[in-house]
Amino acid sequence: MTAPHRDPQSLADLTPAQQKAVTHVDGPLLVLAAAGSGKTRVITRRVAYMLSRGIEGSNILALTFTNKAAGEMRERIGKLVPNSNVWVGTFHALGARLLRTHAPLVGLDRSFTILDQADRLRTIKEVIEARKIDTLGVPPERIEAIISRAKNAMTSPEKLLGGADDLIAKAVAPVYKRYQERLREQSAVDFDDLLVHIVTILRDHPDLRARLDAQYKYILVDEYQDTNMAQYAILRGLSRDHPNLCVTGDPDQAIYAWRGANLNNILEFENDYPGCKVVKLEQNYRSTKTILYVADYLIQHNTQRKPKDLVTDNAHGEPVEISVYLDDHEEARGVASRIVDLTRHDGFSPRDVAVFCRVTALTRNLEQALRSASVPYQVVGTVSFFDRQEVKDVLAYLSLVINPRNDVAFDRVVNVPQRGIGKTSLDHLAEWARRKGIPRLAAAARAREIPELKPKAIDALVDFAAGIDRIAKHPTASAKDGVERVLRAVGYREYLKLSALSKADDRNANVDELITAAAEFDSANRDGSIAGFLEQITLMTSVDRWADDSGAVTLMTLHAAKGLEFPVVFIVGVENQLLPHSRSQDHPDQVEEERRLFFVGITRARQKLFLSHCANRVVKGRSMYASPSPFLDELPADAIVVRDTTGGRRASSQWDSHSHSNTDWRYGNNQNRSSYAPPPPPQRYEKPRSSSVNFGLKTAAEHAAGASAASSPPVDLDRFQPGVSVRHPTYGLGRIVAIEGAGPNRKGRVAFVVGGERTFVLAKSPLKPI
DNA sequence: ACTGAACGCTTTTTT
DNA sequence: AGCGTTCAGT
């Protein structure tokens, strides 16, 4: 139906299905894109096609899941059509941008602050404490999650309460209500508000809605299966007069239900947008036949699912390897040496390799093993640079300068560096500010009027407020200037030198890096503001900071892996309480999501896939028995090989006596083999029979023969003498310079290699002689 | 009243 | 292994 366009050759390299998607311009379009089906390519080509048909770039909006995906797409569009003016970004970035312009419509200043999830949790805790709300023992973290889910579903506190018989909702609703008020008082928003406020604005201001709808005449959405109700509502609002909405996604890759994503958005799209065209992309260009076969075999175990045919013309490839290790250290070492082999003998480079795990904590061992094997690696999703204390401190100062109502930032820095302002003084201040209905910074400036405060505290607070004021008075030139001004004004470098002990150098380096980041921001955004700098940082995800050109092995969670691909993939910790995670085991829906998560991990691999699990794993400092994931049973036996590295070393009478008697058990089954992939010749490998046991939560220490060795032996106090070298968990190595007193209260003065001298009560301290 | 050290509790996944 | 709370000391 579409006439030939200006550049006919540009479509020749696309399959008929891809062409259909690319050339559909007007009206709703649903692209069901299987993993590895070239979805991103189709989207970018479609944008280029629209531009070539004369559509203005400023009328096109492309929404992605992460900033990184946005950056890639922006770049690819830029290569096809330079200077196109298409807006590409995440939903949250769009929300922030629109809200900067229209903040007053929902009662916020334009200089509003975006709270990250740590700030949000802090605020929730404060609300509970200040209002003495009885939460019926529901922990703050859980309350936070419930509030977030309620917001994403656009449920008000009142409506949450309407759910009658739910006790938890009853406990959460008042916190939710008060939390929302607190945010408004501070002119702050959390991540969810970036979406919800936009929904409110679109709903309450029809003229503005119509204007935006007309401006964003063409909208593309990636990863549509992971959108939530608020995002859905935004899209509805922007696609009423011009329903040229193109969504792409794959229900089998929906892994964010826990965050409020609603799978029905994609399942019901055809009904929501009548006349919608549907294109299925089922051809896989990424993985070997074997990997695709394994993935498909697994995902067919989900009951809530539309069947689909995955096909590929790629080579068969090798069987998927499942390794069994004795414990998590062995696993890490095994993976590391495997990677060394691959790079030395098989022509892979470290950058071709990724290691995925279910929880971030698992990366620790791997880091160690890779380091000692001299394999370069990069962790995605650990405490990011911007989560570091010193960086957060400086950013909080900046944030307070820009938005003086930001009480969260005030609390964070009012006593950093220490100004002798303690908790009781701050409690009085907060209470007074609350009664007066003013921000805490303003209250600090008027500390003299607060009767409960001591003169010392008054002086310190007034001083602090004046200091912030002084910084704010200077016209803020650039982000870099702002950071440097803060550092100078508060004497932050000096503070680091004195208080940070052995970490002073690292922390100073981090501060340096922050200055660099600010300078980078300045040159990238010549009309940018400090507010813009802060916003960019808050909305940045861990994946966004990941540079894939670093030539290093990539370590990340399965969630972070979505949308990426690697020639070689390892998935570690494929164990029962981990994948599926123990928190999901009670709910079948959640187990299906875990299966999808595993599916996502498997389908990231192009050529080689390695899975592994352990018999023992250290969790939270305790060694626990671990059993293989039930998902491993759902893989086709004829496409996998098992490698048991535990040998006879796992001999433990406890273990064996608990074993199941089914000695013929092995991974996988062939009950309903899918027909598209002729499997490689069957490879029969006996699975270690004892591994099929699930011991639940007993610690291995309770069983192990050498259990007593695990408990730390009491240290003989007499061994602490002047001159003796000691180790402290926090301060590291040191030497005893003096012993004071006698008996159980005997104290030792220790000079540390880094960080000066400190005194400890020897019997109570964690000091160890060396 | 503030500061610092020790103890106990906790962690799924993230915009 | 990390963080917030608690306790003791100045």
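Numbered from 1 within each chain, the chains take letters A, B, ... in sequence-line order.
- Remark: the A:Arg583 side chain and the B:dT12 base include no donor-acceptor N/O pair separated by less than 3.5 Å.
- Of all nucleotides listed (B:dT11, B:dT13, B:dT15), B:dT13 comes nearest to the side chain of A:Thr360.
- A heavy atom lying under 4.0 Å from DNA chain B marks the following residues of residues 252-259 of chain A, by number: A:Tyr256, A:Trp258, A:Arg259.
- Each of A:Asp250, A:Ile255, A:Leu558, A:Leu564 was scored for a side chain to side chain contact (heavy atoms under 4.5 Å, CB included) with A:Val600, with one residue passing: A:Ile255.
- Results of the side chain to side chain contact (heavy atoms under 4.5 Å, CB included) test with A:His92 over A:Leu195, A:Asp193, A:Ile114, A:Thr538 single out A:Leu195 as the only residue that passes.
- Relative orientation of the A:Phe631 and A:Phe598 rings is parallel, given thresholds of 30° and 60° on the angle between their planes.
- A:Asn415 comes within contact range of the sugar-phosphate backbone alone, with a heavy-atom separation under 4.0 Å but no base atom that close.
- Between A:Phe533 and A:Phe521, the ring planes lie tilted relative to each other; the angle falls in the 30° to 60° range.
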Just distance, no hydrogens or angles: give the donor-acceptor pairs under 3.5 Å from side chains in residues 228-236 of chain A, sequence neighbours left out.
from: A:Asn228; atom 1: OD1; to: A:Ala230; atom 2: N; distance (Å): 3.0
from: A:Asn228; atom 1: OD1; to: A:Gln231; atom 2: N; distance (Å): 2.9
from: A:Asn228; atom 1: ND2; to: A:Asn152; atom 2: OD1; distance (Å): 3.2
from: A:Gln231; atom 1: OE1; to: A:Asn228; atom 2: N; distance (Å): 2.8
from: A:Tyr232; atom 1: OH; to: A:Asp272; atom 2: OD1; distance (Å): 3.4
from: A:Tyr232; atom 1: OH; to: A:Asp272; atom 2: OD2; distance (Å): 3.0
from: A:Arg236; atom 1: NE; to: A:Tyr273; atom 2: OH; distance (Å): 3.3
from: A:Arg236; atom 1: NH2; to: A:Asp272; atom 2: O; distance (Å): 2.8

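- Between the side-chain ring of A:His581 and the base of B:dT12, a stacking contact exists by the 5.5 Å and 30° definition.
- Among residues two or more places apart in sequence or in another chain, the side chain to side chain donor-acceptor pair (under 3.5 Å) test is passed with A:Ser612 by A:Glu331.
- The side chain of A:His559 sits closest to B:dT14 out of B:dT3, B:dA1, B:dT14.
- In this structure, of B:dC2, B:dT3, B:dT12, it is B:dC2 that holds the atom nearest to the side chain of A:Thr424.
- OP1 or OP2 of B:dC2 lies within a sub-4.0 Å distance of a side-chain N or O belonging to A:Ser425.
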Scan nucleotides 2-4 of chain C against the protein and return all N/O pairs shorter than 3.5 Å with their distances rounded to 0.1 Å.
none

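- For the ring-ring contact (aromatic ring centres under 6.0 Å, His included) test, residues two or more places apart in sequence or in another chain that qualify with A:Tyr224 are A:Phe269.
- By the ring-ring contact (aromatic ring centres under 6.0 Å, His included) test, A:Tyr377 is found to be paired with no residue, residues two or more places apart in sequence or in another chain being considered.
- Relative to the side chain of A:Lys454, the nucleotides B:dA1, B:dG4, B:dT12 differ in distance, and B:dA1 lies closest.
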